[in-house]
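Down below is the structure, laid out as structure tokens.
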Amino acid sequence: MKQILNFINGEYVRNTSGKTFQDINPVNGSVIGNIYEAGQVEVNAAVAAAKAALKGDWGRLSVAERCKLLDAVAIEINRRFDDFLQAEIADTGKPHHLASHVDIPRGAANFQIFIDTIKSTATESFNMRTPDGKTALSYGVRVPRGVIAVVCPWNLPLLLMTWKVGPALACGNTVVVKPSEETPATATLLGEVMNAVGMPKGVYNVVHGFGANSAGAFLTEHPDVNGITFTGETRTGSIIMKAAANGVRPVSLEMGGKNAAVVFADCDFQTTIDTLTRSCFENAGQVCLGTERVYVERPIFEKVVAALKERAESMKPGLPFDKDTKIGPLISKKHQAKVLGLYKAAKDEGATIVTGGGIPDMPGDLKNGSWIQPTIWTGLPETATVVTEEIFGPCCHISPFDSEEEVLDKVNANRYGLATAVFTQDIARANRLAQQIEVGLCWINAWFLRDLRTPFGGSKQSGIGREGGVHSLEFYTDLRNVMVKF
Ligand SMILES: NC(=O)C1=CN([C@@H]2O[C@H](COP(=O)(O)OP(=O)(O)OC[C@H]3O[C@@H](n4cnc5c(N)ncnc54)[C@H](O)[C@@H]3O)[C@@H](O)[C@H]2O)C=CC1
Ligand SMILES: O=Cc1ccc(S(=O)(=O)O)cc1
């Protein structure tokens, strides 16, 4: 049995309370690890180590030296690619092709991309004449904020954690990471990488546990934490915002979504169906950017429903390492119960179940896993639960529309505003819509196509702030103005 320890000040440590909880493989419900829950003592130690590191070797490094270390981290993750892959797959049950093409490569790349950003981003300067006839030059310098708390979800554990740790370290901060209690493995493994490349002690720390009355709350409420970056549910983000208010600490929040796709009759049909298949069902729908509302222009409504039904039914569930596996389980029995509850709500509220709606029949011990059928509904009003609430499962409701104005109103009538994908060959119409849809990200004839220099984040209740490229620097540094008179 794996023993999953906290990583504090460069060392793996258990805890003083003796409290542990189980790491479960969602494929078959088996216990794969024993996680040592960090209490207030361990969180205090991690924050203290991170604070001390700011004044130690780490704080004295030049930007170039810091970047060299980050590059070494990326190289070491890639050298240990298979260890990360096995760990991520064991925790999440996601198909091998997904973890090996998305999660782990991006986990490494997230340490490299911000090297260019930090090295090449200038700050502004202004020259002016003073009232007494002298000259004044003012210029900006970016300084690290200090200790950053990084609170992470379980859907893309390494990818989303490094998306924050990479820029935080590039900017000279130190971090205390609180991975999701469901997926502790890769954040823990990253500690070995940090030690292997010679990262100074205390720069990267990991504390395990839950939210309320546990590591998550102890960390975000800690007075020596100087900034909090969070990805997870909107409800949790709101609790974290309140914790951050105490001490007036900045927050960056990437939260829930109820993303729409808008399909016009003139779309490239095959590309649209291929893309919708990914956006609705990939990672068992556990992607914050995933599509759960599909609006289709009436002339091709039936055709889209039929094509997507066929694709949903071809998503073969199975073991992560089986070559023909197309979909893994949900992250946990708890999440499966939530998704099944919403599947039931759809039925109770009168949905037509085009396909799915329950649990697939799995062989042997896989019966104990948290599997779910890809599901499509039609026929619900815009007020229905599964049309308004985030599900985070492999499902969507498809409804017809007749005009651009109608679909725009429907897309925007939701409290979330993370992402939308528009499918049409009329590029003027697509751009018109993209500028009116209230989201942080809008794709045209694409989905999950990312240039990591661009801003990522949500509008409305999907988030506060943007990360990616120079936008990450906005959060992970404090911009100081210096004015010199001569
Ligand atoms: N906008 C985005 O980029 C993304 C958003 N998400 C959202 O994340 C959700 C799935 O992730 P979950 O792990 O279920 O989210 P969650 O909000 O339950 O948990 C996220 C993290 O916050 C911690 N946490 C929970 N309560 C806390 C508290 N009171 N104080 C401090 N920390 C606390 C958890 O232990 C976990 O590490 C999705 O439903 C989706 O809404 C997921 C991925 C990306
Ligand atoms: O699931 C949420 C999510 C997925 C991807 C990204 S990124 O743009 O690739 O960093 C962010 C959040």
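For ligands, and for the atoms within them, numbers begin at 1 and follow the listed sequence.
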Atom pairs, nitrogen or oxygen, ligand 1 to protein, under 3.5 angstrom:
from: ligand 1; atom 1: 1 (N); to: Met255; atom 2: N; distance (Å): 3.0
from: ligand 1; atom 1: 1 (N); to: Met255; atom 2: O; distance (Å): 2.5
from: ligand 1; atom 1: 13 (O); to: Trp154; atom 2: NE1; distance (Å): 3.1
from: ligand 1; atom 1: 14 (O); to: Trp154; atom 2: NE1; distance (Å): 2.9
from: ligand 1; atom 1: 15 (O); to: Glu233; atom 2: N; distance (Å): 3.4
from: ligand 1; atom 1: 17 (O); to: Glu233; atom 2: N; distance (Å): 2.9
from: ligand 1; atom 1: 17 (O); to: Thr236; atom 2: OG1; distance (Å): 2.7
from: ligand 1; atom 1: 35 (O); to: Lys178; atom 2: NZ; distance (Å): 2.7
from: ligand 1; atom 1: 35 (O); to: Glu181; atom 2: OE1; distance (Å): 2.7
from: ligand 1; atom 1: 37 (O); to: Cys152; atom 2: O; distance (Å): 2.7
from: ligand 1; atom 1: 37 (O); to: Lys178; atom 2: NZ; distance (Å): 3.0
from: ligand 1; atom 1: 39 (O); to: Glu390; atom 2: OE1; distance (Å): 3.0
from: ligand 1; atom 1: 41 (O); to: Glu390; atom 2: OE1; distance (Å): 2.7
from: ligand 1; atom 1: 41 (O); to: Glu390; atom 2: OE2; distance (Å): 3.2

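- By the neighbour-count criterion of 12 heavy atoms within 6.0 Å, atom CE of Met241 is sparsely surrounded, having that number or fewer from other residues, nucleotides or ligands.
- Looking at Asn155 against ligand 2, only its side chain comes within 4.0 Å, counting heavy atoms.
- Regarding atom 11 (C) of ligand 2, its nearest protein heavy-atom neighbour is Phe456 CZ, 3.2 Å.
- Ring pair Phe21/Phe210 is tilted by interplanar angle, where 30° to 60° counts as tilted.
- At a 4.0 Å heavy-atom cut-off, ligand 2 touches Leu160 through the side chain alone.
- Atom 5 (C) of ligand 2 has Phe448 CZ, 3.4 Å as its closest protein atom, hydrogens excluded (heavy atom only).
- For atom 4 (C) of ligand 2, the closest non-hydrogen atom of the protein is Leu156 CD1, 3.4 Å.
- Nearest protein neighbour of atom 8 (O) of ligand 2, counting heavy atoms only, is Arg450 NE, 2.3 Å.
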Check against salt bridge (Lys or Arg N to Asp or Glu O under 4.0 Å), Asp274 and Arg311: CA-CA 9 Å; Asp274 289 348; Arg311 298 296 288 271; 2.7 Å; yes
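- Arg145 forms a cation-pi arrangement with Phe475, by the criterion of a distance under 6.0 Å to the ring centre and an angle within 45° of the ring axis.
- Side-chain contact annotation: Thr188 with His208, donor-acceptor N/O pair under 3.5 Å present.
- For the residue pair Lys333 / Ser370, no side-chain donor-acceptor distance below 3.5 Å is found, with atom types taken as modelled.
- Among the candidates Glu389, Glu292, Gln461, the single residue satisfying the side chain to side chain donor-acceptor pair (under 3.5 Å) test with Lys258 is Glu292.
- Ligand 2 places these atoms under 4.0 Å from at least one heavy atom of Val287: 1 (O).
- Of all protein heavy atoms, the one lying nearest to atom 10 (O) of ligand 2 is Arg106 NH2, 2.9 Å.
- Checking each of Leu5, Leu189, Asp23, Val206 against Pro184 for a side-chain contact (heavy atoms from CB on, under 4.5 Å) leaves exactly one that passes, namely Asp23.
- Every N/O-N/O distance between Glu254 and ligand 2 stays at or above 3.5 Å.
- Listed for the Thr375 side chain is no donor-acceptor partner under 3.5 Å among the backbone atoms of Gly356.
- Here's the thing with Cys288: one of its N/O atoms is less than 3.5 angstrom from an N/O atom of ligand 2.
- The aromatic rings of Phe392 and Trp154 sit perpendicular, their planes meeting at an angle over 60°, well past the 30° parallel limit.
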